Amino acid sequence: MKKYDPKTIEPKWQQTWADTKLYAAITGDTTRAKYYMLTEFPYPSGAGLHAGHTREYTLGDVMARHKRMQGYNVLYPMGYDAFGLPTENFAIKHKIRPQDATAQNVAVFRQQFDSLGLSIDWDREVNTTHPDYYRWTQWLFLKFFEEGLAYQAEMPINWCPFEKTGLSNEEVVDGKHERCGTPVEKKLIKQWMLKITAYADRLIEGLKTVDYPSRIADQQVNWIGRSEGAEIDFAVGDHKVTVYTTRPDTLAGATFLVLAPEHPVVDQITTDDQRQEVEAYVKQAQGESEIDRQNTDRTKTGVFTGAYSTNPITGAKVPVWIADYVLASYGTGAIMAVPAHDERDFAFAAAFDLPTSAVMAAPRTKTALLLHGLEGHNQKAWYPWLKAQLESFGYNVIAPNMPNAEFPTLEEWLAALEPLANQLGPDSVIIAHSLGAPTAAQFILKHQLKIKHLLLVAPTFPDMPWGAYPKEYFSTNGQNVHDITMVPVDWSKLASAAGRITVFASQNDPYIPYDLLKQHVAANLPKAQFTTFPAMQHFSEGGNINTLPAAIPVLVDDCFTGYAPLINSGQFNGLEGAEAKQAIIKHLEAKGSAKTAVKYKLRDWIFSRQHYWGEPIPIVHCEHCGAVPVPEDQLPITLPDVEHYEPTATGESPLAAITDWVNTTCPKCDGPAKRETDTMPNWAGSSWYYLRYMDAGNNQAFASPEAMKYWGEVDLYLGGMEHTTLHLLYSRFWHQFFYDQGLVPTTEPYAARRGQGIVLAADGRKMSKSIGNVVNPTDIIESYGADTLRLYILFMAPYDETTPWSEERLAGASRFVWRVWALAQELIEAHAFTRAMKPGPGDAFETEVDRATHKAIKKVHDELGGMRFNTAVSALMEYVNFLSGAKTKTRLLEPASAAVAWRALNTLVQLLAPITPHMSEELWQQLGWEGSVHVAGWPKYDPELIKDDVVVIVVQVNGKVRANFAISPDATEAELTEAALADPNVAKYLNDGKLVKTIVVPRKLVNFVVK
RNA sequence: GGGCGGGUGGUGGAAUGGUAUACACGGGGGACUUAAAAUCCCCUGGCCUCACGGUCUUGCGGGUUCGAUCCCCGCCCCGCCUACCA
């Protein structure tokens, strides 16, 4: 018996396939349907292929092979995305040229691709760093320039102040430079930009015409972040501030404006007395590290500019602030703050005691218990005010019904509260004033209430044990003292009941020493927040409800951000949602101070890199003519050979130091000029490489129109999920632009996109060199062979799931491959196979084997077509288990079974060919075939043959399985019912009650419903 | 906070309204062997039972249905992406 030896047969067939150009795709072949299978080309790093690459390319290869065997003209190309920082750094470190480093790495990758047995058409190989390739990248860039979509602007770059170098986003980890740990700063420099925002809507629209998984399509839509709203002008002194808002309906509730610290008007509107503070804040905001900005629940900071504007609806005076929560890069860099209806504005208003004005009544879906204390403060005056406040935040306000509200005892108090306990849920708040505070605590603990927020307004005397109330207080006031006794409260237990506890106090309260109260809060309420309460201050100072300032303090920790009919909005009262927005915009539009506007989160693409190893941007800067494109016939602008690749201390590219190269003449006026020294990002070459594969050798055009027309859209594009919002979006943008320029025939580059899951290390963590848990595909091929590796990769999990690597399961895959080989050898040795074997099934045994064979064809075909590779493999395992089972195999080895064995074995080899191409090719040859199995066609199944003679019918009683029996699939309902009733176990259950209903599902089950 | 996935044996996973746990890994037992490895065969969700069989089980709680891992409603947990985008 021939021994299975992957180390011999795999390289042998790889060589044969290469020599015969077996996988060549034929441009223009109209005799077959085309299929363009694309996998993302790799960045050829020094580390070689990793497990993720192996998964991606194996999946792509199986798809390509399956399609090819079905007769498609398959294009499955490969190339290298080789520009970029890793190679540049590698070259600096090892003191070699990046060109040489790339060539070395590419050679390693190529060898590894071949060893995996990938069916790639290598005549179409591309490399983004070859001048023949990047000539066209530059040419395409000039198209953007000609159309005004490539422009220059001052943009911040990541800057390491220690190494004095610009950094890519990848080099910034947790806000620090990954090499030296220095906090990264921003530095403004002039950079090239691509106007991807001009295609924002098209990029969203185009998604409707392609087949992308929702997680990818949704993420792109999310990333583009389209929002519709309005720009509204506010006069600030002589200046105009335009804000962007999606909620113009809430305009009347705008109680202040906030500008980004970098907003150009800040300097001009700041008043002299605020200038110092404002300048300090602006400076601080500039130096803010990435770490601070990434902190999500940071408290709001900001500074008042001293300037005021006017609310165009209410006429109220609105202060103008600056704060870093407003981003200069989004919208207009300025907002109108509506704290009553926006969470961020709400938090800002809370932090700086800014006024709040509700312009919508929130639907009352939550409950607030208002527990006022004894008289003595003017709680009677502010009770209705507080009630109105809470209602505007969507609370139903409830209060205990107190028979003797003057001086109740604790027992009386709790008895009055008793009926309210079940009205309080996790959304509820309790607000308790004065003696109500310890009462609320007792109430919560007694009923084990879970509430959202407990607000204690000046709880009780701080110099007494919490919860006890001093008689002296009343007697000194000359009051009639009721015998009040309060049980001391264990305040720490409240922390688990109330989601939040806030203790409010007034600095001017005549009865409560402020500092002492603060101390007690800190000591006794671990979860509590202590804060002053301006409204209470107002009352403490003798004010009443009528003199309450328009500045209404923030009281509860949520605000209503939904839609409801407007209030406090003058002529717009009663309007709601879109109607209200329209009415308000129209009103302001008439005065010329507002217009509708659409904004995107998507920013224009910063297309400059201050590095050597990238495509030079083909622009010449001339003193007279400005930025001038390099004429087409002078392309490519090649990279000069240089000694040093290190970035410069000025933030410029190393190319800037090469005067020979930089100094040139202006193509327009022949005057002295300088070349652009920035290079393109490594997303440039990958934005159009799929087009180059269609016509890789063309030196007249990036690809011929004929080739692009023939290959059309990529039929299936497989790659990593991490490229969803960068590479995938960028290349769609380029393609849509090319379409508009008449350069490509299709509107979208990729008809379908799929993302493969991540391969984790066996320990469930990410594979990482530093942990030392990486799997090297070359090692696996060395020990098991590429066919085993491929089979295992397909079998380990659904292709798009993240799943851990397992050496044990890999060994299992290996056992399967060996079993197939052994079975094939036994059959080949037992029979003198010839190609003239009789075709059809014979006796019952042959029918049984043929049926299994054709079922396997159907199953494997369907599963591969649906990319369910793991179940395709298990179907093959079941089929092989059947063939090699002792009973079947013994008969297959008998001379009379030669024909059926031949049919089975040929089919098995064909079905395995996309998965284990080398072994299949070897066995195909051993079976006596001349050509390659990979172009030998894909087996077809006979639908008649796979129909079973008998089916197993399940019998249920009240939905529980009680028996099963085999019967002809054509059995009638009556026959099924009769057979089901005949089962003794079923009869047993039917005797227990009355049969009320019988459900019969032909070929599946019978269910008796018994009462 | 937002978006998108997911939760099934000891493990990877199968089943998209009809016998839950296919296929594989791991584990147990056996055959072969002087022995081991390899290979082959049998068993392998929990509980009760000598057995026949029964019973429970797909994150939790409800609902729809003769029947729910699958459909609907409400929760909990995990992963990925994203994040002060007005």
Side-chain angles (χ1 to χ4, degrees), chain A residues 213-219 221-223 225-227 229-230 243-248 250 254 258 260 293-298 300 323-327 329-338 341-345 347-348 561 599-603 721-722 724-725 755 757-758 762 764 791-792 795-798 800-813 815-816 818-819 822 868 870-881 884-886 952-964 984-985 988 996-1001 1003-1010:
Chain A
S214 67
R215 66 172 130 173
I216 292 174
D218 289 351
Q219 220 182 101
V221 170
N222 223 340
W223 184 262
R226 180 193 159 94
S227 74
V243 305
Y244 174 69
T245 179
T246 55
R247 296 297 302 270
T250 63
V258 189
R293 284 196 182 259
Q294 278 164 15
N295 187 0
T296 47
D297 39 42
R298 56 203 292 231
K300 294 271 185 291
D324 65 1
Y325 85 93
V326 175
L327 307 176
S329 51
Y330 182 75
T332 59
I335 62 156
M336 63 177 209
V338 185
H341 305 297
D342 181 277
E343 282 177 25
R344 295 148 306 183
D345 300 342
F348 192 76
T561 57
K599 300 285 176 195
Y600 303 90
K601 283 198 251 180
L602 183 71
R603 309 293 150 84
M721 297 289 185
E722 70 275 17
T724 299
T725 52
I758 298 163
L791 186 112
Y792 168 64
F795 185 57
M796 61 183 174
D800 55 350
E801 289 296 326
T802 294
T803 195
W805 182 263
S806 162
E807 192 77 25
E808 289 86 1
R809 283 186 253 280
L810 175 73
R815 278 198 284 277
F816 171 74
W818 279 79
R819 248 196 349 264
R868 292 176 297 271
N870 55 329
T871 47
V873 172
S874 58
L876 282 162
M877 286 174 167
E878 285 178 82
Y879 180 50
V880 170
N881 286 348
S884 59
V952 174
I953 305 293
V954 170
V955 188
Q956 296 181 336
V957 179
N958 288 340
K960 284 191 192 292
V961 180
R962 295 303 174 186
N964 62 55
N985 200 36
K988 192 175 89 189
V996 290
K997 198 172 175 186
T998 304
I999 290 119
V1000 181
V1001 183
R1003 308 168 66 96
K1004 288 233 166 96
L1005 94 162
V1006 179
N1007 186 12
F1008 296 109
V1009 185
V1010 174

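First the proteins, then the strands, lettered A, B, ... as listed; each starts at 1. Remember, predicted model here, so these are calculated numbers, not experimental data.
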Side-chain N or O of Thr803(A) less than 4.0 angstrom from OP1 or OP2 on G13(B)?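 For G13(B), OP1/OP2 do have a side-chain N/O of Thr803(A) under 4.0 Å.
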Quick check on A68(B): is either OP1 or OP2 less than 4.0 Å from any side-chain nitrogen or oxygen of Lys960(A)?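 Result: no.
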Considering only the [atom1] atoms, how many Å lie between [N] and [M], rounded to the nearest integer?
N	M	atom1	result
C76(B)	A83(B)	C1'	24 Å
U34(B)	A15(B)	C1'	49 Å
U57(B)	G9(B)	C1'	10 Å
U21(B)	G10(B)	P	15 Å
U69(B)	G61(B)	P	13 Å

Quick one: label [X] by what it contacts on the DNA or RNA (base, sugar-phosphate, nothing), any heavy atom closer than 4.0 Å.
X	result
Asn881(A)	sugar-phosphate
Arg603(A)	base
Trp223(A)	sugar-phosphate
Val1009(A)	sugar-phosphate
Asp218(A)	sugar-phosphate
Pro798(A)	sugar-phosphate
Lys601(A)	base

Could you work out which one of C56(B), C25(B), U19(B) sits closest to the side chain of Glu808(A)? C25(B)
Return the 5'-most residue of the pair Val952(A), Ser806(A) with respect to RNA chain B, ranking by each residue's nearest nucleotide. Val952(A)
RNA chain B: Pro804(A) or Val1001(A), which has the more 5' nearest nucleotide?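 The answer here is Pro804(A).
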Among residues at least two apart in sequence or on other chains, which ones pass salt bridge (Lys or Arg N to Asp or Glu O under 4.0 Å) with Arg868(A)?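 So Arg868(A) forms a salt bridge (Lys or Arg N to Asp or Glu O under 4.0 Å) with Glu863(A).
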Relative to each other, are the rings of Phe348(A) and Tyr325(A) parallel, tilted or perpendicular (30° and 60° limits)? tilted
Answer with yes or no whether Arg809(A) presents, from its side chain, a donor or acceptor under 3.5 Å of a partner atom in the base of U11(B). yes
Send over the distance from [X] [atom1] to [N] [atom2], rounded to a whole Å.
X	N	atom1	atom2	value
Phe1008(A)	G18(B)	CZ	C1'	15 Å
Asp324(A)	C84(B)	CG	C1'	9 Å
Leu810(A)	C25(B)	CG	P	11 Å
Asn958(A)	A68(B)	CG	C1'	16 Å
Leu1005(A)	A68(B)	CG	C1'	14 Å

Is a salt bridge present between Asp800(A) and Arg215(A), judged by a nitrogen-to-oxygen distance below 4.0 Å?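 A salt bridge links Asp800(A) with Arg215(A).
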Give me the atom names and distance for the closest heavy-atom approach of Val954(A) to Asn964(A). CA-CB, 4.1 Å
Chi class for G54(B): syn within 90° of 0, otherwise anti: anti
